[in-house]
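What you are looking at is a predicted structure, and each value in this text was computed from that prediction instead of being measured. Here, residue 1 is the first one in the sequence, and each next residue gets the next number.
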Amino acid sequence: MTHGPFADVCRAAGWQVTELDLTGVRDKRGFMERCARALDLPDWFGRNWDALADVLGDPDFGPATPGRLLVVTGWRPYALGRPDEWEIAQEVLAAAAGHYQEHDATLSVVLFLGGSDQLPSDQPG
């Protein structure tokens, strides 16, 4: 999803585009590891929800100017398998996006739905 017309438009406007691919993630530990790699988080990142919220809210991490687009792909199996964890993950990402609005910066998070060939087997399409 970091390729294609939408990402190209964002980059042309000066945005940083980052993909957080959750394909194969089965639990919180895997989610945190993917975040650490995809977002190039600092060594002090504690790999828990509070630490993720802290690092995403850190001005040194902050969104690139004029903004950062975080595209989350492959998230559905994790969301279905660990709904409580997924709810917390969404809350942390939403809070980080809201935090930067207060600082005239932008962090936007997009959940990539994919094409009909990427729907779970229990969904029409």
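Between V55 and W44, some side-chain heavy-atom pair lies under the 4.5 Å cut-off. L39 has its side chain within reach of T18: a pair of non-hydrogen atoms, C-beta onward, lies under 4.5 Å apart. Side-chain contact between V71 and L20 is absent, with no heavy-atom pair separated by less than 4.5 Å. Between L52 and L41, some side-chain heavy-atom pair lies under the 4.5 Å cut-off. Inter-residue side-chain proximity for L111 and Q90 is flagged as met; some heavy-atom pair is nearer than 4.5 Å.
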Audit row: V92, L56, side chain to side chain contact (heavy atoms under 4.5 Å, CB included) steps and yes/no: CA-CA 9 Å; V92 169; L56 291 177; 4.1 Å; yes

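In the displayed structure, R47 atom CZ is contacted under 6.0 Å by more than 12 heavy atoms of other residues, nucleotides or ligands.
Without hydrogens or angle criteria, R82 side chain to K28 main chain gives no donor-acceptor distance under 3.5 Å.
Residue V25 forms a side-chain contact (heavy atoms from CB on, under 4.5 Å) with just one option from M32, E33, R34, and that option is R34.
Side-chain heavy atoms closer than 4.5 Å link hydrophobic residues (I, L, V, M, F, W, Y) into clusters, and following such links, possibly through other members, connects L70 to L113.
Between W75 and F31, a ring centre-to-centre spacing not shorter than 6.0 Å is recorded.
Here the CG-CH2 distance, from L107 to W15, works out to 8.0 Å after rounding to the nearest 0.5 Å.
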